[in-house]
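A short write-up of the structure that comes next.
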Amino acid sequence: MQENFSLKSYNTFGVDVKAKYFTEAETIEELKNAVNYSKDHGLSVLFLGGGSNILFTKDFNGLAIKLSLKGISEEHLNENEVLVTAKAGENWHEFVMYSLEHNYGGLENLSLIPGNVGTSPMQNIGAYGTEIKDVFVSCMVLDLENLELRIFDLGECRFGYRDSIFKQEGKGRYVILEVTFKLTKKDHHIKTEYGAIKTELENLGITHPTIQDISKAVINIRQSKLPDPKVTGNAGSFFKNPTIPLTQFEGLKQNFENIPGYPNGDSVKVPAGWLIEQCGWKGKQIGNVASHQLQALVIVNATGNATGKEIYDFSTEIISSVKEKFGIDLEREVNII
Ligand code: EPU
C-alpha cells in the first residue's frame with residue numbers, strides 16, 4: 001500500500017493526480033484483501049485497468065486498486081473453435097497479437113485498441129466493424145456486495161453500442177476478473193466491410209486477406225489518424241457518436257446537405273467527429289488541450305501539462321457548440337472521475 005501516489009502513468013491522458021492510497025492486485029486473494037481493507041477503513045475504491053478511458057479531474061481521496069491479474073488459457077472445442085480466456089490485467093493489444101500468432105480469428109479488427117482485457121466488456125469495445133460482443137462468451141467477476149465470484153454470459157452483459165450492464169445497473173458493483181472469447185481456428189470470418197479497411201488492403205496490394213492482414217490494415221489506419229497515447233496523452237474517442245431520430249436527421253440535411261449518417265430503423269447515427277469538425281474544433285488548441293488535428297473526436301493533452309479540469313472544460317465547450325449549431329447533445333464516452 002502506497003500513500004499519496006501519483007496516477008500520472010496510470011491514465012493515458014497523463015494527468016497528474018494523486019490517489020490517497022494505491023495498491024496493485026495480482027491475484028483474486030490480493031484483490032479481496034484490498035477491498036476488505038477499504039471497507040474496514042471506510043475508503044472509497046477505484047479500480048484501474050489500462051487507464052485508457054478515464055479522465056481524472058481531481059485527486060482521488062480513497063484506495064486506487066490497479067488490476068494486474070495475468071494469464072491466458074485455452075480450451076479447444078472442436079476442429080474450428082477454441083475458447084480463449086484472458087485475465088483482466090492482460091494488455092488488450094498484446095492479447096490480440098497472441099490470438100493472431102496462434103492463428104485464432106475474431107479479434108483482428110480490434111487491433112491496437114488501448115486498455116486491458118478486463119475493461120473490454122465495460123463499454124463493449126469496438127472498431128472497424130467488430131465489437132467484442134461478436135466473440136464474447138462470458139466473463140468472471142467479483143461481486144463487491146458479497147465478495148463472491150459470478151459468471152456473466154453474453155445475454156446477461158446486455159451489450160450495446162459502447163455500453164453494457166457494467167456501465168448501467170451493475171456500475172460500481174462488479175470487478176471483471178477474466179474474459180472468455182470464442183475464436184475460430186480455420187474458418188475465419190474476414191470482415192472488410194468497413195470502408196477504410198478495403199482501401200488500406202488495396203494500398204497494401206492484398207486481394208485475399210488473412211486475419212493477420214486485416215490486423216495490419218487496422219494498425220496502419222489507427223496509426224495514421226489516432227495519436228499514440230505514449231507520445232501524446234489521450235483517451236481515444238472522447239464522445240460517443242450520437243443517435244438521433246430520422247426526422248431530425250432529415251431536417252438537418254436541409255441545412256447541412258453533406259451531413260453523414262448511418263441509418264438504423266427510425267434513427268440515424270451521426271459521426272461526432274464530423275459535427276465537431278464543422279464547429280471549427282479540429283486541430284484547435286486552448287491552453288494545454290486540443291482537438292486532434294487528424295480526428296476531431298479525440299481530445300489530446302497537447303503539452304503534456306493539461307489538468308483534468310482543463311480537458312473537461314474543453315469538452316464542455318465542444319458540447320455547447322455542437323448543441324448550438326446542430327441541436328444535438330454529445331455524450332462523453334470517457335469516464336469522468
Ligand atoms: N469524421 C470527420 N471529421 C473528423 C473525424 C471523423 O468528418 O475529424 C468523419 C469521417 O470522415 C467519417 C466519419 O466521421 O466519415 C467516421 O469516422 P471514423 O471512421 O474515424 O470513425 P469514428 O466514428 O470517428 C469510431 C469509434 C472509434 C473507432 C472508429 C473505427 C466511436 C465513439 N468511435 O470513430 O473508436 O476506432 O469508429 O471503427 O464509436 C474509441 O472508442 O476510442 C475509438 C477510437
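Start at 1 and go down the list; that is how both ligands and their atoms are numbered.
V137 and F159 sit in two unconnected hydrophobic clusters of ILVMFWY residues. Membership requires side-chain heavy atoms under 4.5 Å apart, directly or through other members.
A donor and an acceptor atom, one from each side chain of N220 and Q223, are nowhere located under 3.5 Å apart. For the residue pair Q168/D163, the side-chain donor-acceptor check at 3.5 Å is satisfied. Remark: the N53 side chain and the T119 side chain contain no N/O donor-acceptor pair separated by less than 3.5 Å. For the residue pair S237/R332, the side-chain donor-acceptor check at 3.5 Å is not satisfied.
With respect to atom 29 (C) of ligand 1, the closest heavy atom belonging to the protein is Y194 OH, 4.1 Å. Ranking the protein heavy atoms by distance from atom 14 (O) of ligand 1 puts P271 CB, 3.1 Å first. Counting only heavy atoms of the protein, atom 26 (C) of ligand 1 lies nearest to R162 NH2, 3.3 Å. Atom 25 (C) of ligand 1 has N241 ND2, 4.2 Å as its closest protein atom, hydrogens excluded (heavy atom only). In this structure, the protein non-hydrogen atom closest to atom 20 (O) of ligand 1 is K225 NZ, 2.8 Å. The nearest heavy-atom contact from the protein to atom 8 (O) of ligand 1 is A296 N, 2.8 Å. When only non-hydrogen protein atoms are considered, atom 1 (N) of ligand 1 lies nearest to W274 N, 3.8 Å. From the protein, the heavy atom lying nearest to atom 5 (C) of ligand 1 is Q295 OE1, 2.8 Å.
Within ligand 1, the atoms closer than 4.0 Å to a non-hydrogen atom of A127 are 36 (O), 38 (O), numbered from 1 in the order shown. The distance from ligand 1 to the heavy atoms of K282 drops below 4.0 Å at these ligand atoms: 3 (N), 4 (C), 8 (O). Heavy-atom proximity to F239, at under 4.0 Å, picks out these atoms of ligand 1: 32 (C). Ligand-side atoms of ligand 1 in range of E333: 32 (C), 40 (C), 41 (O), range being under 4.0 angstrom from any heavy atom. Short contacts between ligand 1 and G236, defined as distances under 4.0 Å to a heavy atom of the residue, involve ligand atoms 42 (O).
Of the listed options Y128, F238, Y161, Y161 places a heavy atom closest to atom 31 (C) of ligand 1.
Per-atom contact check: atom 11 (O) of ligand 1 does not touch the protein, criterion being a heavy-atom distance below 4.0 Å. Within a 4.0 Å radius of atom 43 (C) of ligand 1, the protein contributes at least one heavy atom.
Among the atoms of S237, some N or O lies under 3.5 angstrom from an N or O of ligand 1. Below 3.5 Å of separation, one finds no N or O of L294 facing any N or O of ligand 1.
Residue contacts with ligand 1 do not include Q123, since none of its heavy atoms lies under 4.0 Å from the ligand.
With rounding to the nearest 0.5 Å, the separation of CG in L83 from CG in L183 is 8.5 Å.
Between W274 and F326, the angle of the ring planes lies from 30° to 60°, which puts this pair in the tilted group.
Cluster partners of M140 are M1, Y21, I28, L31, V35, Y37, L43, V45, F47, L63, I65, L67, L69, L142, L144, L147, L149, I151, V175, L177, counting Ile, Leu, Val, Met, Phe, Trp and Tyr whose side-chain heavy atoms approach within less than 4.5 Å, directly or via other members. Residue V300 shares its hydrophobic cluster (ILVMFWY side chains chained together at separations under 4.5 Å) with L226, V298.
With ring centers used as reference points, F166 lies under 6.0 Å from F152.
Just one of F95, Y104, Y98 meets the ring-ring contact (aromatic ring centres under 6.0 Å, His included) condition when paired with F181; it is F95.
The proximity of E277 to ligand 1, defined as any non-hydrogen pair under 4.0 Å, is limited to the side chain.
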**W281 vs S321, side chain to side chain donor-acceptor pair (under 3.5 Å): CA-CA, chis, key distance, verdict** = CA-CA 9 Å; W281 286 99; S321 46; 2.6 Å; yes

